[in-house]
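Data block below; observations after.
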Amino acid sequence: MATESIQDIKRRIKSVTSTERITNSMKLVSAGKLRKAKAIFEKTNENSHFITNTIQELFNSGSEIPQEYLAGNREIKTTAYIIVTSGRGLCGGFNTNIIREAQREIDADWEPPVIVAVGSKGKEYFEKRGYNIHSSYLAPPESISFLETKELSTPILEMYDNKEIDEVVLIYTSFISTMEQQVKNEVILPFEVEKDPEFMTVNKFVEYEPSVEAVFNYLVPKYVETKIYSAVVESATCEHAARRMAMENATDNAREMLDALNLNYNRARQSAITDEIIEIVAGSEAQN
């Protein structure tokens, strides 16, 4: 009986050791990918702020701003949701949190939503529940190019201009730190730009050609493309951080299990040795 118990514990130790090696390797791979993704995200974030600041300057410098892109210009009926998830699992609650937030927003709508899925996890979830997926991007998020972002955003902008949709909402994971990520729900069209009362006091004159309206209309698509691209890159950074954390926790749990199994193994061996000694002593006494 003791021998069978020892063999069973040895098999479990071998299995858990194999799992621990796999999770530790995945943790190291995710840590390397996280460093690269974080560098790309920080660079992209600078470009996004530049375009946003330029639009702010345009809005404060003239009165020829097209109203169709500004909040309050139309009644919100149909909403397009750009939902950024990952294409793989083993990253804790990363995908679950995004999908839960997206589902909450969709459930609050009266009209059927227009869904753009970035990442296969979100696409699979909403397809299984009967939602129509307008378009999707299923390659790893960190490999997305700005051109591919444009291919995603152009049909959405056309639908907005044709009044087929009234709002564009971006749902993704925001990077706060390596240890913390947070689901973000951001309306990117129409957007709110408030007049800055101190803007006119700045001693700066900028002339826009051919007009403020033309420059504004040119910048809006770039703004949407940059916001989507930045969100996908940031979400990829969060995915690698979440997977690194999940694999680190799994590795720690596996090591704790190994410690407990080794303790049980040593106790079982000690018990088996004690039983053998007792049998030898009992046999010796019987002969005498």
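Reckoned from all heavy atoms, side chains included, excluding hydrogens, waters and symmetry mates. Each residue takes its place number in the sequence, starting with 1.
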Derivation of the side-chain contact (heavy atoms from CB on, under 4.5 Å) call for Ile115 and His134: CA-CA 6 Å; Ile115 296 177; His134 178 270; 5.9 Å; no
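- Closest non-hydrogen pair, Thr79 versus Tyr81, comes out as CG2-CZ, 3.6 Å.
- Between Ile156 and Ala80, the shortest heavy-atom distance links the atoms CD1-CB, 4.3 Å.
- Clustering ILVMFWY residues whenever any of their side-chain heavy atoms sit less than 4.5 angstrom apart, transitively, puts Val183 in the very cluster that holds Phe94.
- The structure places CD1 of Ile171 at 8.5 Å from CZ of Arg104, a figure rounded to the nearest 0.5 Å.
- In this structure, Asp109 and Thr78 have side chains that are not in contact, with every pair of non-hydrogen atoms separated by 4.5 Å or more.
- In this structure, the side chains of Val118 and Tyr172 stay at 4.5 Å or more apart for every pair of heavy atoms.
- No side-chain donor-acceptor contact under 3.5 Å links Thr149 to the backbone of Ile228.
- Under a 3.5 Å cut-off, the side chain of Asn95 and the backbone N or O of Gly122 do not form any donor-acceptor pair.
- Summarising the geometry of Ile99 relative to Phe126, their closest heavy-atom pair is O-CZ, 4.4 Å, with the distance given to 0.1 Å.
- The backbone N or O of Arg11 sits nowhere less than 3.5 Å from a side-chain atom of Ser15 that would complete a donor-acceptor pair.
- Listed for the Ser271 side chain is no donor-acceptor partner under 3.5 Å among the backbone atoms of Arg267.
- Between atom CE of residue Met257 and atom CG of residue Asn262 there is a gap of 11.5 Å, rounded to the nearest 0.5 Å.
- Nearest heavy-atom pair across Ala254 and Val16 is O-CG1, 3.4 Å.
- The CE atom of Met245 lies 15.0 Å from the NE2 atom of His240; values are rounded to the nearest 0.5 Å.
- By the 4.5 Å heavy-atom criterion applied to side chains, Val169 and Ile188 are not counted as neighbours.
- Remark: the Tyr229 side chain and the Glu148 side chain contain no N/O donor-acceptor pair separated by less than 3.5 Å.
- Asp166 and Glu75 get closest at one heavy-atom pair: CG-O, 3.5 Å.
- For the atom pair CD (Glu225) and OG (Ser230), the distance works out to 13.5 Å, reported to the nearest 0.5 Å.
- Leu157 and Ile76 fall into different hydrophobic clusters, where Ile, Leu, Val, Met, Phe, Trp and Tyr side chains are chained together by heavy-atom contacts under 4.5 Å.
- Both Ile144 and Phe146 are assigned to one and the same hydrophobic cluster, defined by single-linkage of ILVMFWY side chains at heavy-atom distances under 4.5 Å.
- Inspection of the Tyr131 and Gln103 side chains reveals an N or O donor paired with an N or O acceptor under 3.5 Å.
- Summarising the geometry, atom OG1 belonging to Thr19 is positioned 11.5 Å from atom CG belonging to Asn253; distances are rounded to the nearest 0.5 Å.
- The side-chain heavy atoms of Pro112 and Asn132, taken from C-beta on, include no pair separated by under 4.5 Å.
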Steps toward side-chain contact (heavy atoms from CB on, under 4.5 Å) verdict (Asn266, Gln270): CA-CA 6 Å; Asn266 291 332; Gln270 185 178 11; over 6 Å; no
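- Counting only residues at least two apart or in different chains, side-chain hydrogen bond (donor to acceptor under 3.5 Å, both in side chains) contacts with residues 110-123 comprise Lys123-Glu127.
- Between the side chain of Asn97 and the backbone N or O of Gly93, at least one donor-acceptor pair lies under 3.5 Å.
- The distance from atom CD1 of Ile278 to atom CD1 of Ile273, rounded to the nearest 0.5 Å, is 12.0 Å.
- Both the sub-6.0 Å distance and the 45° axial angle are satisfied by Arg129 relative to the ring of Tyr125.
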side-chain contact (heavy atoms from CB on, under 4.5 Å) evaluation trace for Lys227 with Glu186: CA-CA 10 Å; Lys227 290 294 289 184; Glu186 184 176 358; 2.7 Å; yes
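- Counting only heavy atoms from C-beta outward, the side chains of Leu261 and Glu256 never approach each other to under 4.5 Å.
- Salt-bridge check for Arg244 with Glu248: passed, with a basic side-chain N closer than 4.0 Å to an acidic carboxylate O.
- Remark: the backbone N or O of Lys27 is not paired with any side-chain donor or acceptor of Ser30 at under 3.5 angstrom.
- Judged by distance alone, the side chain of Thr173 and the main-chain N or O of Gln181 form no donor-acceptor pair under 3.5 Å.
- Grouping the Ile, Leu, Val, Met, Phe, Trp and Tyr side chains by contacts below 4.5 angstrom, directly or via other members, places Val84 with Val224.
- At distances below 3.5 Å, at least one donor-acceptor pair connects side-chain atoms of Ser86 with backbone N or O atoms of Arg88.
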Evaluate side-chain contact (heavy atoms from CB on, under 4.5 Å) for Lys33 paired with Glu239, printing each intermediate quantity in order. CA-CA 10 Å; Lys33 289 184 176 181; Glu239 178 190 347; over 6 Å; no
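- No more than 12 heavy atoms of other residues, nucleotides or ligands shown are found within 6.0 angstrom of CZ on Arg12.
- Residue pairs that meet the side-chain hydrogen bond (donor to acceptor under 3.5 Å, both in side chains) test with at least one member in residues 150-165, sequence neighbours left out, are Tyr69-Asp161.
- Hydrophobic cluster membership is shared by Tyr223 and Val168, with clusters built from Ile, Leu, Val, Met, Phe, Trp and Tyr side chains linked at under 4.5 angstrom.
- Using modelled atom types, one side-chain atom of Glu234 and one backbone atom of Phe175 make a donor-acceptor pair closer than 3.5 Å.
- A pairwise comparison of heavy atoms in Ala246 and Leu90 identifies CB-O, 4.1 Å as the closest pair.
- Not one N or O on the side chain of Ser143 forms a donor-acceptor pair closer than 3.5 Å with the backbone of Ala139.
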